[in-house]
Amino acid sequence: MLGSYLLATIALLAASGGAAASSKPHILLIVADDLGFGDLGYTGSSIKTPTIDALAKNGTIMGHYYVNLCCSPTRSMLHTGRYNIRYGLQTGVIPNNKEYGLNLTETLLPEYLSREGYATHALGKWHLGLYRWDMTPTFRGYDSFYGYYSGSQDYYTHKDSGYDFHDDVGRNCGPNCSIARLDQNGIYSTYLYAERAQQVIEAHDPQQPLFMYMAFQSVHCPIQAPASFVAPYSHLTPERQTFAGMVAALDEGIANITEMLKFRGMWDDTLVIFTTDNGGPVGANDDHPAGIGCATGSQNYPLRGGKGSYFQGGVRGTSWVYSNRLHSSRQGTTNYELTHVTDWLPTLVQVAGGNASGPWPKPLDGVSQYSMLFEGEPSPRDHLLINIERDNPTTAPCQGPGCTTKLSCNGLGQYAVIKGNYKLLLGGGGLPNAWYHDDHPYTGNASVPQGGCITACCVDCCEAVPYVQVYDVLQDEGEHNNLATSRPDLVQELMEVVHLYNNSVYVEALMHRLPVETKCPYNDDRGVLTPCWIEADD
């Protein structure tokens, strides 16, 4: 349980923010980790998610909404409102053994909301920098943080490369402030985060607007869940059973948080946003299919691909918005207005009473969706960048003289953009690139699951993935019909979007630029994963 001192401290933080205008709603921003498109009840799964389903169906489901193909790139865009080509986080996740994180010159969402009078609290997964203390959450605009700085860990022991469960209360909570919660060892993380969220809400003054960033560990690997949540899913394959229990526990955690908001009289004026960071990593227990991340039993069907690819299964985000303030034309609907994860920052700044037109410290790529959500207007977007990775190998089949099985055989560069209904992929779209579902899960026993081409640059590829692909992702959500050959006009139109961003500010991926460095973070004498203290001008 949260100690009385910490409760009092959080209450004091809320009081120090001053009274808020009644026009500012409370904001609960929920991020589910590695959740697949086919893993919720309302998307057709057999997994029971009654709380999520009810909120989604009574809110507005985002039917044309995009994130990146893995964790840190999406979370950085959510927090900055800027594409990650602007600061070098477009490739891979932030590792524990390289000296970089989300650039300290970027202004983050909680900083903007603090200026509008919000109390700001983050819980769960951070994964935006941990090699130095000033990259951790309370140095980046949050009043408190309770969770882990790195990208993945055991749900019970809270260990990966070290024990990583931190309790940071107060701004700039670094050495001599941050508490390693060794007492949480052995307790399932979903329980811990939901309980702490309830305690923060209980201690909060409802007169001040609250921003809670609830970034659950669920449902990232390893696949672990309490037996009581797994038991109802004995009819599923073994890996899917445990995964279903993880999703069910996530749903219960969200239910407990919403109940506390109701108990405190805050629910009717709370805006809830739910988003995934990427699609589900398709595969089986302890298996590593092509793509990024360990497999969990997640599914994205009928979407193609999964985490690690630019097909819809990797980058079409599962998202919904719930609020009494939604325009009547949005309530209870799936809307297909084009939206991107960068849009949340300017949207929430406008919700909070700020000016969505800026001025901003750095130019935003996100656009406010306030008028779309709350006034029933069309999305102000007509195009978006999913990503540019100039230095990543293509995954299109090898073609022409000198063809080899080397990853770079077809050159370098992955590009993905959307304009209107159409998506352009250059470079093959990444891996995995097939379709996975309950009747045909990938078990890892076949090198080519379900006839889909899963080997990069293969000479005799089972299913040729052209270098240029164009899909109507609203009419052909499974991306079966490549229009590139029949619609050269679309290719030309979409290439203009590629050129627009390829000729704009582009910082080379830090993943490729920086060497391995094992000095920071380090494990202290208790085995606690600890950032280094580095002066700001170092």
Side-chain angles (χ1 to χ4, degrees), residues 22-32 35 37 40-44 49-67 77-78 81 109 113 116 209-214 251 254-255 257-258 261-262 266-276 303 312 315-357 364 366-384 418-421 473-475 477:
S22 60
S23 61
K24 300 177 187 285
H26 307 295
I27 301 168
L28 173 61
L29 175 53
I30 302 169
V31 178
L35 183 73
F37 181 78
L40 298 173
Y42 81 85
T43 61
T49 52
T51 299
I52 291 173
D53 294 352
L55 292 171
K57 291 178 179 178
N58 289 291
T60 186
I61 297 168
M62 310 298 282
H64 199 20
Y65 165 73
Y66 294 87
V67 293
M77 292 192 293
L78 184 153
L109 175 60
L113 294 181
E116 299 299 330
L210 170 67
F211 171 58
M212 179 174 285
Y213 175 59
M214 181 62 261
D251 188 76
I254 294 172
I257 295 170
T258 59
L261 287 165
K262 293 173 185 177
M266 299 164 64
W267 178 248
D268 287 343
D269 202 21
T270 294
L271 166 64
V272 185
I273 297 171
F274 179 96
T275 180
T276 51
L303 304 185
Q312 293 291 83
V315 298
R316 177 178 164 184
T318 301
S319 180
W320 46 263
V321 178
Y322 175 88
S323 171
N324 288 337
R325 299 181 180 220
L326 286 174
H327 191 266
S328 58
S329 65
R330 298 294 181 211
Q331 293 176 352
T333 67
T334 296
N335 83 73
Y336 294 95
E337 301 293 337
L338 185 59
T339 316
H340 189 257
V341 66
T342 55
D343 297 343
W344 294 129
L345 186 146
T347 302
L348 292 180
V349 168
Q350 187 170 0
V351 165
N355 188 347
S357 300
L364 295 192
V367 297
S368 176
Q369 297 288 350
Y370 185 96
S371 62
M372 185 272 285
L373 292 169
F374 304 108
E375 297 171 355
E377 299 295 325
S379 169
R381 277 195 177 278
D382 72 341
H383 71 271
L384 58 83
I418 288 180
K419 184 172 183 180
N421 296 1
V473 292
L474 295 188
Q475 298 300 316
E477 65 177 0

Item checked: Step-by-step side-chain hydrogen bond (donor to acceptor under 3.5 Å, both in side chains) determination, Asp343 to Thr347 -> CA-CA 6 Å; Asp343 297 343; Thr347 302; over 6 Å; no
Margin query: For Met77 and Val67: C-alpha separation, side-chain torsions, deciding distance, then whether side-chain contact (heavy atoms from CB on, under 4.5 Å) applies.
Written below: CA-CA 9 Å; Met77 292 192 293; Val67 293; 6.0 Å; no
Item checked: Derivation and outcome, side-chain contact (heavy atoms from CB on, under 4.5 Å), residues Leu348 and Leu271 -> CA-CA 10 Å; Leu348 292 180; Leu271 166 64; 3.7 Å; yes
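Interatomic distance, Thr60 OG1 to Leu326 CG, rounded to the nearest 0.5 Å: 6.5 Å. A distance of 9.0 Å separates CD1 in Ile61 from OG1 in Thr43, rounded to the nearest 0.5 Å. The distance from the CD1 atom of Ile273 to the CH2 atom of Trp320 is 10.0 Å, given to the nearest 0.5 Å. The line from CD of Glu116 to CG of Asn355 is 9.5 Å long, rounded to the nearest 0.5 Å. Separating the OG atom in Ser323 from the CD1 atom in Ile27 is a distance of 10.0 Å, to the nearest 0.5 Å. Atom OG1 of residue Thr270 and atom CG of residue Leu210 lie 7.5 Å apart, to the nearest 0.5 angstrom.
Considering every non-hydrogen atom in both Thr258 and Leu55, the closest pair reads CG2-CD1, 4.3 Å. Annotation for Leu373 and Arg330: closest pair O-CG, 3.7 Å, computed over non-hydrogen atoms. In terms of heavy-atom proximity, Pro346 sits nearest to Ala356 at O-CB, 4.0 Å. Between Val367 and Pro380, the shortest heavy-atom contact is CG2-CG, 3.8 Å. Heavy-atom minimum distance, Phe274 versus Ile52: CE1-CD1, 4.2 Å. What you find for Ser371 and Pro378 is that their closest heavy atoms are OG-O, 4.4 Å.
Considering His340, Arg316, Gln312 in turn, Gln312 is the only one that fulfils the side chain to side chain donor-acceptor pair (under 3.5 Å) rule with Tyr66. Results of the side-chain contact (heavy atoms from CB on, under 4.5 Å) test with Met62 over Thr334, Thr339, Thr275, Leu338 single out Thr339 as the only residue that passes.
Under the rule for a side chain to side chain contact (heavy atoms under 4.5 Å, CB included), the partners of Asn324 that lie at least two apart in sequence or sit in another chain are Asp268, Tyr322. The salt bridge (charged side-chain N to carboxylate O under 4.0 Å, His left out) test applied to Lys419 returns Glu493, not counting sequence neighbours.
Residues Ile257 and Ile30 are not in side-chain contact: their nearest non-hydrogen atoms beyond the backbone lie 4.5 Å or more apart. Using a 4.5 Å cut-off on side-chain heavy atoms (C-beta onward), Val321 and Gln369 make no contact. At least one side-chain heavy atom of Leu29 sits less than 4.5 Å from a side-chain heavy atom of Leu109. For the pair Leu384/Thr342, no side-chain contact is recorded, criterion being any heavy-atom separation below 4.5 Å from C-beta on.
The pair Asp269-Arg325 counts as a salt bridge, with a side-chain nitrogen and a carboxylate oxygen less than 4.0 angstrom apart.
A donor-acceptor pair under 3.5 Å is formed between the side chain of Thr276 and the backbone N or O of Thr318.
Side-chain contact annotation: Tyr370 with Glu377, donor-acceptor N/O pair under 3.5 Å absent.
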